[in-house]
Amino acid sequence: MHHRFEPEPFRRISVAAPDLAGNEEAYVVEAIRSGWVSSSGEFLERFEREFAAACGTRHAVACSNGTTALHLALTTLGVSRGDEVIVPATTFVATANAVRFCNATPVFVDVDRDTWCLDPRGVAAAVGPRTAGIIPVHLLGHPVDMDAINAIAEQHGLWVVEDAAEAHFATYRGRPVGSLADAAAFSFFGNKIVTGGEGGAVTFSRDDLARRMRMLRSHGMDLARRYHFPIVGFNYRMSNLTAALLCAQLERRAALVARRRAIVRLYGERLRLQTGLVHRTDAHWAGVSPWLMAVLVDHDGFGLDRDALMATLAARGIETRPLFPPLHHMPPYRRFAARQGISSLPVAEWLGATGLMLPTHPLMTDDDVAFVCDQIAAAGRSRTLRRAA
Ligand SMILES: Cc1ncc(COP(=O)(O)O)c(C=O)c1O
């Protein structure tokens with residue numbers, strides 16, 4: 001055995017990591033032993049039943065990831081060429097990409113300065129004759145003001161699909177996300193609140209929509225007649241192995257959410273002492289189910305800009321991510337924004353330029369959170385002292 005000198009272990013803190021310490025392994029093994037490793041099986045049925053119950057909906061239909069969940073939700077609702085769909089400028093790109101998969105046109109609207117979520121005032125102003133629907137995104141686990149969004153939709157006869165990829169089990173005025181619109185899309189990617197490694201689901205309360213999605217996710221095949229294909233569909237199914245992981249995660253969902261809440265609370269308490277950082281202001285009606293902790297770095301107040309702080313933290317073993325850059329600046333979407341006369345969406349641009357997402361996952365200890373906060377404080381303070389010197 002070759003030994004070499006190892007320096008002090010270098011502490012690495014990743015942005016995300018799954019906690020798989022419950023029945024995850026046992027259930028995956030059980031699925032393998034049963035032989036049901038493909039797109040039907042007991043774990044799939046159980047997952048769909050339990051996830052629907054958790055969201056307070058009649059149906060949850062599982063699929064391969066959050067992006068296909070969005071695509072299936074939109075296709076189920078009949079979105080097609082020529083339709084305009086209102087989306088926030090601050091979101092992960094999949095929200096807008098799913099609109100493009102349907103040959104429809106995303107219309108970008110700014111987000112709210114306090115909650116960083118889709119601003120209903122911007123939505124009302126963006127509705128036009130071709131608008132078909134709205135995709136509010138519950139960003140970072142904070143719900144959108146859904147009563148305001150639904151009122152606009154009702155007034156103009158639009159559908160609404162929640163993008164709840166980052167907000168499992170969050171509540172809006174006491175009601176769970178997933179149950180607040182015509183449909184809601186969820187992602188179970190490895191960094192999400194509950195995970196199947198990959199995976200997605202759409203929740204519905206209408207039986208006909210759930211049935212249509214079941215056909216669309218599996219080649220458009222008639223649910224009662226094998227190899228009869230009334231519509232063109234996709235292969236976007238979830239496997240029973242993924243569902244096995246998800247069933248185990250659902251058993252522990254209260255603890256998983258509680259741990260994330262505790263981490264975000266600790267970050268909030270410590271980082272509020274630091275000048276130059278802007279925090280989100282949670283709405284009084286929001287039952288936040290935190291995904292990632294984020295702050296905005298004010299260059300003048302903090303003494304360092306966001307990218308410099310990211311580099312400093314990276315050198316100390318702390319992985320961070322920039323908050324999503326605004327989608328109306330992305331090459332595939334610039335021309336749509338230009339055609340729609342959108343030049344500036346100031347809040348989305350501000351978030352994209354200054355927002356920083358910090359390590360937030362259930363395997364982190366309180367000590368890890370304190371370490372990240374101390375490194376942030378040191379980066380700000382040392383720079384301030386150097387400037388003063
Ligand atoms: C808001 C939002 N929508 C959609 C997705 C897409 O989910 P997936 O990565 O499972 O395709 C994500 C995350 O990845 C997301 O954060």
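Note that this is a predicted model, so its numbers are computed, not measured. Heavy atoms only: backbone and side chains are in, while hydrogens, waters and symmetry mates are out. As the structure lists them, so they are numbered: ligands from 1, and atoms in each ligand from 1.
In this pair, Trp285 and Tyr172 present their aromatic rings perpendicular. The plane angle is above 60°, beyond the 30 to 60° band. Ring geometry for Tyr227 against Phe229 counts as tilted: the plane angle lies between 30° and 60°, on a 0 to 90° scale.
Taking the six-membered ring where the residue is Trp, the centroids of Tyr27 and Phe47 are separated by 6.0 Å or more.
The ring-ring contact (aromatic ring centres under 6.0 Å, His included) analysis of residues 329-367, with sequence neighbours excluded, yields the pairs Phe108-Tyr333.
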Sub-3.5 Å pairs, protein N or O with ligand 1 N or O:
unit_1: ligand 1; atom_1: 3 (N); unit_2: Asp163; atom_2: OD1; d: 3.2
unit_1: ligand 1; atom_1: 3 (N); unit_2: Asp163; atom_2: OD2; d: 2.8
unit_1: ligand 1; atom_1: 7 (O); unit_2: Ser187; atom_2: OG; d: 3.3
unit_1: ligand 1; atom_1: 10 (O); unit_2: Gly66; atom_2: N; d: 2.7
unit_1: ligand 1; atom_1: 10 (O); unit_2: Ser187; atom_2: OG; d: 2.7
unit_1: ligand 1; atom_1: 11 (O); unit_2: Asn65; atom_2: OD1; d: 3.4
unit_1: ligand 1; atom_1: 11 (O); unit_2: Gly66; atom_2: N; d: 3.3
unit_1: ligand 1; atom_1: 11 (O); unit_2: Thr67; atom_2: N; d: 2.9
unit_1: ligand 1; atom_1: 11 (O); unit_2: Thr67; atom_2: OG1; d: 2.5
unit_1: ligand 1; atom_1: 14 (O); unit_2: Lys192; atom_2: NZ; d: 3.0
unit_1: ligand 1; atom_1: 16 (O); unit_2: Glu166; atom_2: OE2; d: 2.5

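By the 6.0 Å contact criterion, CZ on Arg261 is enclosed, its count of non-hydrogen atoms from other residues, nucleotides or ligands being greater than 12.
The side chain to side chain contact (heavy atoms under 4.5 Å, CB included) test with Ile152 is passed by exactly one of Val123, Ile86, Val160, Thr131: Val123.
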